[in-house]
Number of protein chains: 2
Amino acid sequence: MSPVRVLLADDEHLIRGALAALLALEDDLLVVAEAASGPEALAMARAHRPDVAVLDLQMPGADGVSVATTLRAELPDCKTMIVTSHGRPGHLKRALAAGVRAFAPKTVSAQRLAELIRTVHAGGRYVDPELAADAISAGDSPLTAREAEVLELAGDGAPIAEIAERASLSQGTVRNYLSSAATKLGAENRHTAVRLARERGWV
Amino acid sequence: MSPVRVLLADDEHLIRGALAALLALEDDLLVVAEAASGPEALAMARAHRPDVAVLDLQMPGADGVSVATTLRAELPDCKTMIVTSHGRPGHLKRALAAGVRAFAPKTVSAQRLAELIRTVHAGGRYVDPELAADAISAGDSPLTAREAEVLELAGDGAPIAEIAERASLSQGTVRNYLSSAATKLGAENRHTAVRLARERGWV
DNA sequence: CGGGCCTCCTGACAAATGTCATCGCCGGCC
DNA sequence: GGCCGGCGATGACATTTGTCAGGAGGCCCG
């Protein structure tokens, strides 16, 4: 039986290299390509057509989920899985919506990762139980589309005037949206609201 | 010649395990202990007295720099080095002040890391050139001690009243410090000031 | 068709925040 | 000693922000 062809994408060379070395010890897995950024991962995938793509969530250029989305469209036979250090509930949801087959934190062992690659290649799915529990307890975003949009623009601490301009909205409207968003999130001001929404992965 | 005894501290099991496996290939290096958190790293260091401690910057409990500080006091013979994913200029400065012998991003290869461990063990020092350049161009923090402290408390978007209480200061004083800090950083409000200070590693 | 929800807006008011001037106290430095 | 800078505070003021009420239009669904 031919080995599972794996693409490894992570911007941290140390991890990527170490991982490649460890996976090489498994004789049914073959790392055919490595990438250090989102665009590079896409290029590598197109060139090598791996069976499974292991993607880091945070990479320069394009994050793991958007890479997975593109991959799903271009190479439907290539299964994707996400490995991340900071697992936010909302990311998990986005990832699953993008057709990702597995979602695991970097706290898993290499042994476990190898098993996951096999599982995914065999058509299975996997979601870290703890992350799944978080996602369920966090529930769906209570924010409307505009609320989330405005909250995102408020992300870097910009004043209302700037947010209004960038969203092409009136300042009053922006304040209303921010206020209702903060109320829904139980925050006392928009800045903590942004933080909470980020933690839950809703922005 | 006896091998270099290494302590590995990183909260991501995947990386720690992979790293341990790779370093095990070097016959002059011996990983004698692993830790997944700051306190655990300290305990392991006390128990195993390694020659070199490789510390991740962000860990639960206590970050790499504070672990290094304690280690320097308790085990002066144990050389420390920091490996991190997000290298901020200020972190580098703090680390060097804490007696850290080497500071490298996780984008280095395992091979390079092994060399660094040897260098550090031999009494040498190393700082990633790019990080060093950033640190130099970022310059010193223009903030006074209190300004930095108050700015840090403002980090999670707390209202002035809460900051004042936690810093045991008057609300007016807090507002003055935040105002001057924001002015020095060229920010239009404290939230962007916090962001800027974080980017430069001044908080 | 009516009700409910989202999207925008306006206006008004209260609270939080940013800014400035000013003060006293202390410590270091020329 | 005089000067400067940091620390801590107060008070006053303008601005920004949060909150509330309400209105117009649109869309979907029973």
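Just so we're on the same page: letters track the sequence lines, and every chain starts at 1. As the structure is a prediction and not an experimental result, all values here were calculated from the model.
The overall bend of the helix from C:dC1-D:dG30 to C:dC30-D:dG1, read as the angle between its terminal helix axes built from five base pairs each, is 30° when rounded to 10 degrees.
Here the side chains of A:M81 and A:L116 are in contact, with some heavy-atom distance below 4.5 Å. Side-chain contact check for B:L113 versus B:L19: some heavy-atom pair is nearer than 4.5 Å. Residues B:K79 and B:D51 are not in side-chain contact: their nearest non-hydrogen atoms beyond the backbone lie 4.5 Å or more apart.
Note that the first and last nucleotides of DNA chain D, 5' to 3', having any atom under 4.0 angstrom from a heavy atom of chain A are D:dT17 to D:dA21.
A donor-acceptor contact shorter than 3.5 Å is absent between the side chain of A:E162 and the backbone of A:A158. Between the side chain of B:R88 and the backbone N or O of B:R198, at least one donor-acceptor pair lies under 3.5 Å. No donor-acceptor pair under 3.5 Å is formed between the side chain of A:R101 and the backbone N or O of A:R125.
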Margin query: Please determine whether salt bridge (charged side-chain N to carboxylate O under 4.0 Å, His left out) holds for the pair A:E199 and A:R195, giving the CA-CA distance in whole Å, both sets of side-chain angles, and the decisive distance to 0.1 Å.
Written below: CA-CA 6 Å; A:E199 282 172 9; A:R195 195 169 49 80; 3.3 Å; yes
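Taken residue by residue, residues 148-157 of chain A places no heavy atom nearer than 4.0 Å to DNA chain C.
Take A:H91 and apply the ring-ring contact (aromatic ring centres under 6.0 Å, His included) test, not counting sequence neighbours, and it matches no residue. Residues that satisfy the salt bridge (Lys or Arg N to Asp or Glu O under 4.0 Å) test with B:R46, not counting sequence neighbours, are B:E74.
Cation-pi contact between A:R112 and A:Y126: present, with separation from the ring centre below 6.0 Å and deviation from the ring axis of at most 45°.
In summary, the side chains of A:T173 and A:N176 do not present any donor paired with an acceptor at a separation below 3.5 Å, with no hydrogens or angles considered. No donor-acceptor contact under 3.5 angstrom links the side chains of A:Q58 and B:S85, judged on distance only.
Remark: C1' of C:dT19 and CG of B:L178 are 12 Å apart, rounded to the nearest angstrom.
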Margin query: Please encode protein proximity along nucleotides 4-16 of chain C as a string of B, S and -, counting only heavy-atom distances under 4.0 Å.
Written below: --SSBBB-B----
